**Student:** 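Below are the structure tokens for one structure; questions will follow.
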Amino acid sequence: MNGVKSLETERLILRQWEPEDAGFVLDLYSRWEVQRFIGNPPQAMADRAQAEDRIRAWRAMDHPVHGVWAVGLKDQNILAGTLLLKDIPASGPLPLQPSGDTEIGWHFHPDFWGHGYATEAGRAVLDYAFASGLPKVVAVTAPANIASQKVCTQIGLRHQGETGRYYNMLCELFELRRAAT
Ligand SMILES: CC(C)(COP(=O)(O)OP(=O)(O)OC[C@H]1O[C@@H](n2cnc3c(N)ncnc32)[C@H](O)[C@@H]1OP(=O)(O)O)[C@@H](O)C(=O)NCCC(=O)NCCS
């Protein structure tokens with residue numbers, strides 16, 4: 001098992017998911033306001049077994065740079081959300097196959113929206129991705145997901161317009177290439 005590298009920002013700790021985080025994962029992904037813009041079609045998580053499976057899958061990711069982090073608040077020692085850096089599937093026949101591009105994403109609990117945490121955590125993972133040698137990072141959002149689009153631009157991703165390239169969906173595409181040194 002690979003395990004993600006822990007990251008730290010001013011207010012946040014990003015660490016590996018642990019099996020005992022399943023209660024938080026279920027609370028997060030069983031909420032429609034969190035899940036409504038995720039997946040094709042979006043589907044709220046139904047029970048703790050699904051949360052446990054999700055954590056197992058995240059922990060089993062085996063990639064030198066990619067990972068899925070649990071984001072916690074440093075000062076309160078509580079979890080607030082998820083940060084993802086992973087293969088994004090290309091549109092095509094099911095099951096969808098990896099496109100070769102790397103996607104960044106963020107899923108936060110509504111109790112912690114509106115504090116800039118997604119932006120802070122997203123910036124840390126984007127910096128880590130480029131420092132680790134990835135040449136390009138993309139993000140896709142539903143056209144109506146204004147909050148996520150704002151996070152994308154706040155961390156420096158550039159809006160490329162609409163694309164059908166990924167997930168068999170029409171999405172707003174954001175991307176950034178690593179700066180030449
Ligand atoms: C996307 C998400 C992580 C953003 O969380 P957040 O706590 O609002 O994020 P941040 O506070 O870091 O920044 C969001 C920015 O968007 C703004 N914003 C949020 N909702 C908005 C809306 N409906 N219209 C316009 N701006 C909005 C915020 O004011 C903030 O801007 P600011 O920093 O200038 O104040 C959160 O909404 C979420 O978890 N949604 C459910 C999961 C999801 O959809 N993930 C993305 C899938 S692509």
Side-chain angles (χ1 to χ4, degrees), residues 7-15 17 21 23-46 50-51 54-55 57-58 61 66-76 78-91 96 98-99 101-129 136-176:
L7 303 171
E8 201 174 323
T9 68
E10 193 186 334
R11 294 177 297 171
L12 307 170
I13 299 269
L14 286 74
R15 62 149 172 87
W17 285 101
D21 298 326
F24 174 79
V25 169
L26 177 59
D27 184 17
L28 178 63
Y29 291 101
S30 59
R31 292 167 184 266
W32 185 242
E33 70 264 48
V34 171
Q35 194 63 54
R36 68 191 167 130
F37 292 132
I38 306 171
N40 182 16
Q43 205 174 6
M45 190 174 272
Q50 288 182 2
R54 188 78 60 95
I55 290 173
W58 288 335
M61 278 175 70
H66 291 178
V68 180
W69 288 261
V71 183
L73 306 191
K74 251 189 208 174
D75 60 348
Q76 295 174 59
I78 49 175
L79 292 176
T82 307
L83 226 296
L84 308 94
L85 190 68
K86 63 176 198 60
D87 281 321
I88 183 169
S91 293
L96 297 185
S99 62
D101 291 335
T102 295
E103 172 185 27
I104 190 170
W106 28 76
H107 308 147
F108 276 71
H109 192 291
D111 286 355
F112 302 101
W113 290 358
H115 298 278
Y117 294 141
T119 300
E120 190 170 319
R123 193 172 280 136
V125 167
L126 190 63
D127 288 349
Y128 156 79
K136 183 176 85 165
V137 173
V138 307
V140 292
T141 79
N145 196 348
I146 306 298
S148 189
Q149 290 163 20
K150 189 97 191 272
V151 175
C152 289
T153 53
Q154 283 186 157
I155 67 171
L157 298 176
R158 298 195 184 110
H159 188 213
Q160 308 292 310
E162 203 172 54
T163 185
R165 203 182 298 163
Y166 307 111
Y167 287 115
N168 284 346
M169 283 168 65
L170 269 185
C171 299
E172 296 300 326
L173 172 65
F174 297 80
E175 68 174 46
L176 189 65

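Ligands are counted one by one from 1 in listed order, and the atoms in each one are counted from 1 as well. What you see is a predicted model, and the numbers here were worked out from it, not measured in a lab.
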**Student:** Got an N/O contact under 3.5 Å between N145 and ligand 1?
**Tutor:** yes

**Student:** Would W69 and Y128 count as a ring-ring contact (aromatic ring centres under 6.0 Å, His included) here? Give the steps.
**Tutor:** CA-CA 12 Å; W69 288 261; Y128 156 79; 5.6 Å; yes

**Student:** Could you tell me whether H115 approaches ligand 1 through its side chain, its backbone, both or neither, with non-hydrogen atoms closer than 4.0 Å?
**Tutor:** backbone

**Student:** Inspect the contact between D111 and R31 and indicate whether a charged nitrogen and a carboxylate oxygen are less than 4.0 angstrom apart.
**Tutor:** no

**Student:** Looking at G81 and W17, what are the two nearest heavy atoms and their distance?
**Tutor:** O-CZ2, 3.7 Å

**Student:** Polar-atom distance check: W113 versus ligand 1, any N or O pair below 3.5 Å?
**Tutor:**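 Yes; at least one N/O pair falls below 3.5 Å.
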
**Student:** Quick check: do L84 and H107 have side-chain heavy atoms less than 4.5 Å from each other?
**Tutor:**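 Counting from C-beta outward, L84 and H107 do come under 4.5 Å.
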
**Student:** Would you mind checking which non-hydrogen protein atom is closest to atom 41 (C) of ligand 1, with the distance to 0.1 Å?
**Tutor:**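 The protein heavy atom lying closest is V34 O, 3.4 Å.
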
**Student:** Hey, which atoms in ligand 1 end up nearer than 4.0 Å to a heavy atom of Q154?
**Tutor:** 13 (O), 31 (O), 32 (P), 33 (O), 34 (O)

**Student:** Can an N or O of T141 be found at a distance shorter than 3.5 Å from an N or O of ligand 1?
**Tutor:** no

**Student:** Test V71 against I13 for side-chain contact (heavy atoms from CB on, under 4.5 Å), laying out the working first.
**Tutor:** CA-CA 6 Å; V71 183; I13 299 269; over 6 Å; no

**Student:** Closer than 4.0 Å to some heavy atom of H107 - which atoms of ligand 1 meet that?
**Tutor:** 39 (O), 45 (N)

**Student:** Please report whether ligand 1 has a polar contact with W106, defined as an N or O pair separated by less than 3.5 Å (distance criterion only).
**Tutor:**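 For ligand 1, there is an N or O atom that lies under 3.5 Å from one belonging to W106.
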
**Student:** Which of the numbered atoms in ligand 1 are below 4.0 angstrom from a heavy atom of I146?
**Tutor:**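 Reading through ligand 1 atom by atom, the close ones are 24 (N), 25 (C).
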
**Student:** Is Q43 atom CD crowded by more than 12 heavy atoms from other residues, nucleotides or ligands, each under 6.0 Å away?
**Tutor:**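 No, because the 6.0 Å sphere around CD of Q43 holds 12 heavy atoms or fewer from other groups.
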
**Student:** Say you draw a straight line from CD of Q160 to CZ of R165; how long is it, rounded to the nearest 0.5 Å?
**Tutor:**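 Spacing of CD (Q160) from CZ (R165) equals 8.0 Å.
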
**Student:** If you scan the protein for heavy atoms around atom 24 (N) of ligand 1, do you find one that is closer than 4.0 Å?
**Tutor:** yes

**Student:** Do the side chain of Q154 and the main chain of A118 share a donor and acceptor less than 3.5 angstrom apart?
**Tutor:** no

**Student:** Given R36, E103, K150, which has its nearest heavy atom closest to atom 31 (O) of ligand 1?
**Tutor:**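 Ranked by closest heavy atom to atom 31 (O) of ligand 1, first place is K150.
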
**Student:** What are the atoms of ligand 1, with element, lying closer than 4.0 Å to any heavy atom of V140?
**Tutor:** 48 (S)

**Student:** Has ligand 1 got any nitrogen or oxygen that is less than 3.5 angstrom from a nitrogen or oxygen of G114?
**Tutor:**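 Yes, G114 has an N/O under 3.5 Å of an N/O on ligand 1.
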
**Student:** For ligand 1, is G116 a contact, meaning one of its heavy atoms is under 4.0 Å away?
**Tutor:** yes

**Student:** Is T119 touching ligand 1 with its side chain, its backbone, both, or neither, if touching means heavy atoms under 4.0 Å apart?
**Tutor:** both

**Student:** Check K74, R123, E120 against T9 for a side-chain hydrogen bond (donor to acceptor under 3.5 Å, both in side chains) and give me the one that passes.
**Tutor:** E120

**Student:** Heavy atoms of the protein only: does one fall short of 4.0 Å from atom 29 (O) of ligand 1?
**Tutor:**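 Given the 4.0 Å limit, the answer for atom 29 (O) of ligand 1 is no, no protein heavy atom qualifies.
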
**Student:** Indicate yes or no: does E175 engage K136 in a salt bridge with an N to O separation below 4.0 Å.
**Tutor:**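 Yes, charged N to carboxylate O under 4.0 Å.
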
**Student:** Among protein heavy atoms, which lies nearest atom 19 (C) of ligand 1, and at what distance?
**Tutor:**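 For atom 19 (C) of ligand 1, the nearest protein heavy atom is A147 CB, 3.4 Å.
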
**Student:** Is there side-chain contact between F174 and R158, with at least one heavy-atom pair below 4.5 Å?
**Tutor:** no

**Student:** Answer whether the closest heavy-atom distance between the side chains of E103 and V140 falls below 4.5 Å.
**Tutor:** yes

**Student:** Specify the protein heavy atom at minimum distance from atom 14 (C) of ligand 1: its residue, its atom name, and the distance to 0.1 Å.
**Tutor:** V151 CG2, 3.8 Å

**Student:** Could you give the distance from OG (S30) to CD (Q50), rounded to the nearest 0.5 Å?
**Tutor:** 10.0 Å

**Student:** Which atoms of ligand 1 are found less than 4.0 Å from any heavy atom of Y117?
**Tutor:**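 Contacts of ligand 1 toward Y117, numbered from 1: 12 (O).
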
**Student:** Could you identify the single nearest non-hydrogen protein atom to atom 3 (C) of ligand 1 and state the distance to 0.1 Å?
**Tutor:** A118 CB, 3.6 Å

**Student:** Does ligand 1 come near enough to F108 that some N or O of the ligand is less than 3.5 Å from an N or O of the residue?
**Tutor:**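 Between F108 and ligand 1 (N or O atoms, distance only) the closest approach is under 3.5 Å.
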
**Student:** Yes or no, since that's all I need: does a protein heavy atom fall within a distance strictly under 4.0 Å of atom 1 (C) of ligand 1?
**Tutor:** yes

